[in-house]
Amino acid sequence: MPSQRPRVLLILSGGIAAYKCLEVIRRLRQSGIDTRCVMTRAAEQFVTPLSLQALSEGKVYTDLFSLTDESEMGHIQLSRDADLLVVVPASADILARMAAGMANDLATTVLLATNKPVMVVPAMNVRMWENPATQDNMKTLERRGISVLGPVEGEMACNEFGFGRMVEPDEIVDAIKAGINTESDSKQSVLNLSLKGKRILVTSGPTVEPIDPVRFIANRSSGRQGHAIATALQQAGAEVLLVSGPVNIPDPDGVETIKVESAVDMLNACQKQLPVDASICAAAVADWRVASRGTDKIKKQDGTTPTLELTENPDILATLSQPGSDRPSLVVGFAAETENTVAHATAKRSRKGCDWILANDVSEGTGTFGGDKNRIHFITDGDVEDWPEMSKSDVAQELTRRIATHFDLATS
């Protein structure tokens with residue numbers, strides 16, 4: 001009888017991060033997930049088919065024109081015989097070929113022929129990732145419904161630092177499990193929710209507060225959580241307005257995105273979008289700005305250190321939470337804390353006047369800023385619910401489910 005176990009097709013492209021796929025395969029099999037592998041010729045320069053075969057306990061496919069493979073497992077059947085296809089690592093080259101709809105080797109032919117969900121896990125040099133061509137390709141793939149995991153910020157094999165580093169194997173395995181619903185069958189997909197007719201404002205990313213024309217105050221927020229929330233809400237049918245500080249990730253497809261820099265700019269942009277049904281304040285807004293911004297670059301002078309006078313920025317969450325005709329019926333804030341997370345976040349919810357707070361620990365070593373995971377404490381009036389560690393995409397979907405439930409109860 002055929003296996004009833006979930007099945008994943010891993011497609012490896014060329015890149016030093018390919019060695020991490022060995023650990024991905026091992027952990028998938030430990031989780032009861034069967035794995036087949038397709039390799040590009042470039043991938044074979046980094047790991048061997050024999051290594052993958054030993055761990056996956058199955059044939060590794062490399063050649064589009066192998067008559068033996070075509071008689072045993074044609075590329076059409078191979079493309080549709082899995083529950084999920086995962087391109088890992090996804091190089092700039094294979095992403096470009098996918099976006100162009102090319103089918104010039106086994107990997108791209110399988111991807112073009114499949115009718116199953118596809119996930120890509122990018123890994124490349126930071127300049128390649130930030131190149132407008134790559135970013136345009138990513139927008140094309142996301143618009144076609146391909147899910148993207150990473151990349152994250154960090155050191156790379158080329159000795160550069162920035163976004164382009166592949167996420168770690170445990171995060172890849174968690175995303176695969178979520179993608180094939182092995183751990184969340186009982187959870188309702190956001191695609192089955194209805195927020196149609198709801199207008200929802202989301203803030204995301206950091207704010208940048210100028211010191212002079214070349215220097216500024218900012219923070220490490222990547223915008224991944226806010227952008228994931230905007231995407232999940234849009235998928236659930238809401239009209240989403242995303243106000244984002246400077247980030248290095250693509251704008252969510254189908255979401256009106258308003259780009260700002262400073263906290264003052266972000267507040268003004270938010271107020272222009274009112275009224276809305278809900279406001280999700282996921283941006284990491286700077287608490288202070290320089291009281292008097294220099295019009296010229298501050299020059300370094302030997303023996304003297306300039307003194308910066310700071311003034312408090314407007315409080316966007318508190319402003320949107322104020323009672324009044326324009327107050328959204330649901331205001332949700334985030335609290336990034338480094339100690340006493342729940343206590344500080346609970347006090348913040350009361351102080352700001354918002355309805356819900358999602359608190360997370362961003363102390364050194366947690367990997368929250370710039371990473372792909374979050375451990376949330378969901379704080380409402382008189383209740384604290386500890387969510388398990390999950391991807392930021394899963395956090396976004398869980399929050400979207402709570403928002404849909406809130407509006408269902410409000411109208412019932």
Using 0.5 Å steps for rounding, measure from the [atom1] atom of [X] to the [atom2] atom of [Y].
{"X": "Leu55", "Y": "Leu22", "atom1": "CG", "atom2": "CG", "result": "5.5 Å"}
{"X": "Glu153", "Y": "Arg224", "atom1": "CD", "atom2": "CZ", "result": "9.0 Å"}
{"X": "Leu242", "Y": "Leu233", "atom1": "CG", "atom2": "CG", "result": "10.0 Å"}
{"X": "Leu9", "Y": "Leu85", "atom1": "CG", "atom2": "CG", "result": "4.5 Å"}
{"X": "Lys392", "Y": "Ser222", "atom1": "NZ", "atom2": "OG", "result": "4.0 Å"}
{"X": "Asp315", "Y": "Leu320", "atom1": "CG", "atom2": "CG", "result": "9.0 Å"}

When Asp265, Val243, Asp251 are each screened for side chain to side chain contact (heavy atoms under 4.5 Å, CB included) with Lys259, the one that passes is Asp251
Tested for side chain to side chain contact (heavy atoms under 4.5 Å, CB included) against Leu358, the lone hit among Ile229, Ile280, Val332, Asn374 is Val332
Should the heavy atoms of other residues, nucleotides or ligands under 6.0 Å from CZ of Phe216 be counted, would the total exceed 12? no
| said: With a sphere of 6.0 Å drawn around CD of Glu312, does it hold more than 12 non-hydrogen atoms of other residues, nucleotides or ligands? | reply: no
Give the minimum heavy-atom separation between [X] and [Y], together with the two atoms involved.
{"X": "Ala286", "Y": "Glu209", "result": "CB-CG, 3.6 Å"}
{"X": "Leu12", "Y": "Ala18", "result": "CD2-O, 4.4 Å"}
{"X": "Gln273", "Y": "Val276", "result": "O-CG1, 3.4 Å"}
{"X": "Met166", "Y": "Ala123", "result": "CB-CB, 3.6 Å"}
{"X": "Thr109", "Y": "Asn104", "result": "OG1-N, 4.4 Å"}
{"X": "Pro252", "Y": "Thr257", "result": "CD-OG1, 4.0 Å"}

Any side-chain heavy-atom pair from Ile249 and Gln135 closer than 4.5 angstrom? no
### Query
Is there a side-chain contact between Thr319 and Gln271, using heavy atoms and a 4.5 Å cut-off?
yes
Does Asn360 reach the main-chain N or O of Ile376 with its side chain, forming a donor-acceptor pair under 3.5 Å? no
ask   = Would you find a donor on one side and an acceptor on the other, under 3.5 Å apart, between the side chain of Lys20 and the backbone of Val167?
value = no
Residues 275-289 vs side-chain hydrogen bond (donor to acceptor under 3.5 Å, both in side chains), sequence neighbours excluded, gives Arg289-Asn313
Side chains of Asn131 and Thr134: any donor to acceptor distance under 3.5 Å? no
- Hey, can you tell me if Phe378 and Trp387 have their rings parallel, tilted or perpendicular (30° and 60° cut-offs)? parallel
Look at [X] together with [Y] and state whether they make a salt bridge at an N to O cut-off of under 4.0 Å.
{"X": "Glu23", "Y": "Arg26", "result": "yes"}
{"X": "Arg327", "Y": "Asp355", "result": "yes"}
{"X": "Asp381", "Y": "Arg349", "result": "yes"}

Residues at least two apart in sequence or cross-chain that pass side chain to side chain contact (heavy atoms under 4.5 Å, CB included) with Ala107, listed by chain then number, are Ile11, Val38, Thr40, Ile94, Asp105
